[in-house]
Number of protein chains: 2
Amino acid sequence: MAIKNGEDITLDKLIQPGLLLFVYIKPSHGYELIQNYNKLQSTEEVEPGTIYRNLRRMEKNRLLTSSWQISESGPARRLYEITEKGINVLDETAAKIEKQKLQVEQFLSLYREQKEQGGSADEK
Amino acid sequence: MAIKNGEDITLDKLIQPGLLLFVYIKPSHGYELIQNYNKLQSTEEVEPGTIYRNLRRMEKNRLLTSSWQISESGPARRLYEITEKGINVLDETAAKIEKQKLQVEQFLSLYREQKEQGGSADEK
DNA sequence: AACTCTATAGGCATATTGCACATAAGGGAG
DNA sequence: CTCCCTTATGTGCAATATGCCTATAGAGTT
């Protein structure tokens with residue numbers, strides 16, 4: 001979460017973990033990852049610029065490597081592949097996400113609990 | 001996720017949703033919320049400064065209201081209560097978090113699927 | 001020549017955090 | 001009384017990440 005307005009509460013979009021996983025499944029380039037990401041994930045769309053910057057960042061951090069591929073049609077594309085380090089980080093991140101899932105479930109169960117109990121007596 | 005190092009992938013800590021829910025359950029002040037938050041949630045600890053700033057921000061956005069309470073022992077504390085708007089935002093946020101849970105589950109299932117299939121032939 | 005699609009990327013303003021530090025009340029030890 | 005610890009709230013600064021907009025460029029179509 002970053003800019004926008006500060007008014008509404010935004011949630012994590014798992015950009016880096018998602019990209020890392022996609023590239024792990026199949027080496028790919030930015031434009032394709034944008035398509036995949038925005039079709040698969042059930043959240044708001046992510047800016048192309050954000051995707052590209054995250055890919056460059058992950059390459060800088062040696063989670064990915066890239067090489068230019070000349071395609072028969074259209075401009076050259078940067079093909080990303082995951083590194084050993086990237087796989088390790090992916091594994092660690094998956095573990096963190098499991099914890100986050102617990103956290104999310106904890107939030108939702110607390111929320112529902114409160115809605116059920118407080119809802120009847122405190123009907124406004 | 002914000003500062004730190006840029007090296008490792010950080011996940012959302014649900015600070016605002018968590019605080020909003022806690023205050024919804026019981027009006028409370030910052031110091032107490034820090035204790036609750038850092039004890040209940042299964043993630044890394046959150047800076048006191050971050051908690052206080054989020055509370056002030058949510059008050060500015062009219063999700064919370066605060067009033068000074070003088071306690072018998074120790075300095076005055078700012079007691080936060082949730083507003084109507086805050087409850088609405090909490091409800092909306094809970095809906096978003098349900099979606100995020102799906103997203104998280106989607107990530108984990110894709111991840112495990114890939115680990116099982118790729119794992120046997122590619123044992124490091 | 002103009003337009004569209006593919007493909008990558010940077011500038012700028014804004015938002016948020018981590019770390020450190022400041023402030024302040026009250027209580028206990030010496 | 002002074003020093004220190006706990007409670008309690010907050011700010012300044014640098015760093016980081018994103019949204020929105022714009023630039024660049026190859027290749028094919030009209």
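Note on naming: letters A, B, ... go to the chains in the order of the sequence lines (proteins, then strands), and numbering restarts at 1 for each one. This structure is a prediction, so every number in the text was calculated from the model and none was measured.
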field: Shortest side-chain distance from A:Ser73, nucleotide among D:dA27, C:dG27, D:dG10
entry: D:dA27

message: Counting only side-chain nitrogens and oxygens, does A:Tyr52 get under 4.0 Å of the OP1 or OP2 atom of C:dA9?
response: no

message: Which is more 5' along DNA chain D, the nucleotide nearest B:Pro48 or the one nearest A:Glu45? Just name the residue.
response: B:Pro48

query: Roughly how many Å is it from OH in A:Tyr80 to P in C:dA9, rounded to a whole number?
result: 5 Å

message: What contact category does B:Arg56 fall into here, base, sugar-phosphate, or nothing, at under 4.0 angstrom with non-hydrogen atoms?
response: sugar-phosphate

field: Heavy-atom donor-acceptor pair, A:Lys85 side chain to A:Asn61 backbone, under 3.5 Å
entry: yes

task: Ignoring backbone atoms, test whether A:Thr50 places a side-chain nitrogen or oxygen under 4.0 Å from the OP1 or OP2 oxygen of D:dG19.
output: yes

- prompt: Does OP1 or OP2 of D:dT16 have a side-chain N or O of A:Arg53 closer than 4.0 Å?
  reply: no

Member of A:Arg56, A:Met58, A:Glu81 meeting the side chain to side chain contact (heavy atoms under 4.5 Å, CB included) criterion with A:Leu64: A:Met58

- prompt: Would you say D:dG19 has OP1 or OP2 under 4.0 Å from some side-chain N or O of A:Lys13?
  reply: yes

query: Mapping A:Gly49 and A:Pro75 onto DNA chain C by nearest heavy atom, which one lands closer to the 5' end?
result: A:Pro75

field: Atom-to-atom span, OH of A:Tyr31 to C1' of D:dA25 - whole angstrom
entry: 14 Å

statement: Separation of C:dT16 atom C1' from B:Asn54 atom CG, nearest Å, is 8 Å

- request: Take atom CG of A:Leu14 and atom P of D:dT18, then tell me their distance rounded to the nearest Å.
  value: 12 Å

field: Euclidean distance, atom CG of residue A:Leu55 to atom P of D:dT18 [Å, nearest integer]
entry: 11 Å

task: Report the nucleotide, chosen from C:dT17, C:dA9, C:dC19, that has the shortest atom-to-atom distance to any side-chain atom of B:Glu47.
output: C:dC19

message: Heavy atoms only, 4.0 Å cut-off, all strands: where does A:Ile70 land among base, sugar-phosphate and nothing?
response: nothing

- prompt: Any side-chain donor paired with an acceptor under 3.5 Å for B:Glu59 and B:Ser66?
  reply: yes

query: Atom CG of B:Asn61 and atom P of C:dA15: how far apart are they, to the nearest Å?
result: 11 Å

statement: Atom CG of B:Leu79 and atom C1' of D:dT7 are separated, to the nearest Å, by 16 Å

- request: Would you kindly give the CD1-to-P distance between B:Ile15 and C:dA15, to the nearest whole Å?
  value: 17 Å

- request: Side-chain contact test, heavy atoms from C-beta onward, threshold under 4.5 Å: evaluate it for B:His29 versus B:Gln69 and give yes or no.
  value: no

message: Quick test of your reading of the model: are A:Arg62 and A:Glu84 salt-bridged, counting only N-O distances below 4.0 Å?
response: no

